[in-house]
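Reading through the structure tokens given below for one structure.
Computed from heavy atoms alone, side chains included, the values below leave out hydrogens, waters and symmetry copies. This is a predicted model, so every value here is computed, not measured.
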Number of protein chains: 2
Amino acid sequence: MEPATPVRTRVRLVDVAELAGVTKSVASRVLNGDTTINVRPSTKQRILDAARTLNYAPHAGAKALAGARTKALALLVPDLMNAVYARIARGAYQRAREHGYVVLLAEDTVDSNAQSDYTDLVGAGRVEGLLIASARQGHPLLDSGQLDAIPHVFVNRSVPGSGRSLTVDLQGASQIAFDYLKGLGHERMAHISGPGVLMPAQEREKGFVAAASAAGYPAPFVVREIFDEAGGFRAAQQIIEARPDVTAVYAGTFSQSVGALKALRRSGVDVPGDVSVLSYDDLPLAEYLEPSLTTMSLPLLGLGQLAVDALVAQLQGTPPRDIVLPEKPIILERESTATVRSPGTA
Amino acid sequence: MEPATPVRTRVRLVDVAELAGVTKSVASRVLNGDTTINVRPSTKQRILDAARTLNYAPHAGAKALAGARTKALALLVPDLMNAVYARIARGAYQRAREHGYVVLLAEDTVDSNAQSDYTDLVGAGRVEGLLIASARQGHPLLDSGQLDAIPHVFVNRSVPGSGRSLTVDLQGASQIAFDYLKGLGHERMAHISGPGVLMPAQEREKGFVAAASAAGYPAPFVVREIFDEAGGFRAAQQIIEARPDVTAVYAGTFSQSVGALKALRRSGVDVPGDVSVLSYDDLPLAEYLEPSLTTMSLPLLGLGQLAVDALVAQLQGTPPRDIVLPEKPIILERESTATVRSPGTA
DNA sequence: CTGAAAGCGCTTACAG
DNA sequence: CTGAAAGCGCTTACAG
């Protein structure tokens, strides 16, 4: 059994140079857009044409070895199945291509070996930088000190002291959420938050509580559950039980909202008649649920795009800094939220 | 502005060799598990220890240049947001790691440039092989002849004549679906199929129609719509309008089912009282919809895993062949399906 | 300005 | 069996 060998032998830089009647050096410089070189436009054109004719694709490994940039970035996400990361990834891909970079996506799950992911991608010299959307507190990469050696950016994660966090203003989002619900006349609200160790959950929670306090409203009832449907389900049960007078629920994720909807329905609580539900993450599905979900839409695509911008800037020597996306999240109103029921109607 | 240079200089093979007191050659062979070499166990151990101590990570580019395998595969999916591909991807990652490979994920959307994706990954020598889950008919890669030069496998896509298709038996799945609905007493069924050009849609459709015909049942009413919620919504509307006597709907995707549920609800059709809905793709969400969705669960993780196995085998010289997953899909029964309503009850 | 040459970090025939 | 050496395809000081 012979290893399958590619049929066609690789087109090399020399081949291009030969066809264009120049040396490798010139061809290399022209192809790489070196501006310090001075070649006749006709020569330049000949080289470009030759490359196109031969379908020249430079060997990434050779380039990297010779000291050139690999023009590759890696994006680490905690969960491929999560639509939020899928959006961020899409934004990152788009923008990366505009910068001439490829993005290599890796799922950095809790049980997968972050260490070997890192080694495979960074240690092996495959990528120039890392977009990390998977950094929870205590993440192995954070403590290993390995990140010191490589340009990186934290996406949708504020890592204290890193100076490299790219985030949406979630406290601000919670303020918007509060104002919206308040505008509908709600006073007794609950918030379905996430695991305490997760920064986004903390931010949302803090902002919501602060907003209520600033408005002189009763403190929202906060319950922390994991970010999936089951978490939302349990959270809603707790809310109904502990605070039956709550008229509005603000949930941290789409999945939690779906779970909450189910729990409320089960308990005979009408949405939005008795309780309004405000969700996160405007997925196509939101419109098709029963009732359709009012959602807070975060600029996720933009987050991915700006993350790439920030990383590329870092690669070019700009000192890294924390960035909070300027775009405000917006609320897309659907059926799950409504004016508060008049007191005593229930 | 200086380019950010990594602080630590790279640990090379020589460094490991030196520390272990051997030459590069020996170190290389030992590290790569060359069995033809004969070294004392103690020497071998010293080399391994040295590598670990120094945290040695071989430069992927240099290895590739020197003719070694890159130990990297690329997976092309049409849509990152689609949970089906996320599962396939997860399966592929797992298995690839077991084989010592990295998987680079790329979203190969209709409007993205498949050509440049290809060039970036294959042409640049970044990967040894391609897992293609994005090949629709007329896909640029299919006609360009470029695939001749690289080992590849089509995942969940049967590309006629390729001899490299890895698929689930969707006709068989449709047979199972039919038998299930028939078992519930349904006779007048409809099928929400997908765009005619997509092989999976064709297979499902063909199998369902054939099953009905073989059983001597009326031909199912088939409507072709795109694979998302909106498609399912429109499809259900057409079904209600054209065939109000239909009692069971078999939808090709989860999203279509969600859309269909909404359309039925809107039209006052009770699910499963009036019409049963059988969906595909057992997502966590299925349980939380109203009513919860009965789904056909495909061995998606296994598909990703076997795809990697097949590609790795190909890389080792085994002639490629079409493979149909042996595992049968299973039906997870929930609330959206029920025994047919007794005739005339409506 | 331009081209010849060195060197990036590996692997693997090949000679000893 | 083992080690010195060539070579993979590039880039980029450096000498001319």
Inset, instruction - On DNA chain C, reading 5' to 3', which nucleotide is the first and which the last to sit with an atom under 4.0 Å from a heavy atom of chain A, could you check? - result: dC1(C) to dG9(C)

Inset, instruction - Flag the pair Glu128(A) and Lys71(A) as a salt bridge only when some basic side-chain nitrogen lies within less than 4.0 angstrom of an acidic carboxylate oxygen. - result: no

Legend entry - Nearest atoms (heavy-atom pairs only) where Ala106(A) meets Leu121(A): CB-CD1, 4.2 Å

Legend entry - All pairs passing side chain to side chain donor-acceptor pair (under 3.5 Å) where residues 299-313 of chain A contributes a residue, at least two apart: Gln94(A)-Gln305(A), Arg95(A)-Gln305(A), Arg95(A)-Asp309(A), His99(A)-Asp309(A)

Legend entry - Sequence neighbours excluded - salt bridge (Lys or Arg N to Asp or Glu O under 4.0 Å) pairs with any residue from residues 46-67 of chain A: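 Non-adjacent pairs meeting salt bridge (Lys or Arg N to Asp or Glu O under 4.0 Å): zero.
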
Inset, instruction - Answer whether the closest heavy-atom distance between the side chains of Leu311(B) and Leu73(B) falls below 4.5 Å. - result: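 With C-beta onward as the side chain, the pair touches.
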
Legend entry - Pairwise side-chain contact, Leu130(A) with Pro151(A), heavy-atom cut-off 4.5 Å (strictly under):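 No, too far: nothing below the 4.5 Å cut-off.
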
Side chains of residues 14-28 of chain A: which donor-acceptor partners sit under 3.5 Å, not counting sequence neighbours?
from     : atom 1 : to       : atom 2 : distance (Å)
Asp15(A) : OD1    : Arg12(A) : NH2    : 3.0
Asp15(A) : OD2    : Arg12(A) : N      : 2.6
Asp15(A) : OD2    : Arg12(A) : NE     : 3.4
Ser28(A) : OG     : Asn32(A) : ND2    : 3.4

Legend entry - Contacts of Ala307(B) that satisfy side chain to side chain contact (heavy atoms under 4.5 Å, CB included) - sequence neighbours left out: Leu131(B), Val153(B), Val155(B), Leu166(B)

Inset, instruction - Under the side chain to side chain contact (heavy atoms under 4.5 Å, CB included) rule, collect the residues that match up with Ser162(A), sequence neighbours excluded. - result: Phe154(A), Val159(A), Arg164(A), Ser165(A), Asp322(A)

Legend entry - Members of residues 35-49 of chain A that approach DNA chain D, where some heavy atom sits under 4.0 Å away: none

Inset, instruction - Would you jot down, in residue-number order, the residues of residues 21-30 of chain B having a non-hydrogen atom under 4.0 Å from DNA chain D? - result: Thr23(B), Ser25(B), Val26(B), Arg29(B)

Inset, instruction - With sequence neighbours left out, write down each residue that passes salt bridge (charged side-chain N to carboxylate O under 4.0 Å, His left out) with Arg87(B), or none if nothing qualifies. - result: none

Inset, instruction - Go through DNA chain D and write down every stem, that is, every run of at least three consecutive Watson-Crick or G-U wobble pairs with distances under 3.5 Å, as range with range. - result: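 DNA chain D stems, ordered by first number: C:1-3 with D:14-16, C:5-12 with D:5-12, C:14-16 with D:1-3.
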
Legend entry - Residues which pass side-chain hydrogen bond (donor to acceptor under 3.5 Å, both in side chains) with Ser42(B), listed by chain and number, not counting sequence neighbours: none

Legend entry - Residue pairs involving residues 49-88 of chain B (criterion ring-ring contact (aromatic ring centres under 6.0 Å, His included); sequence neighbours excluded):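 Of all non-adjacent pairs touching residues 49-88 of chain B, none passes ring-ring contact (aromatic ring centres under 6.0 Å, His included).
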
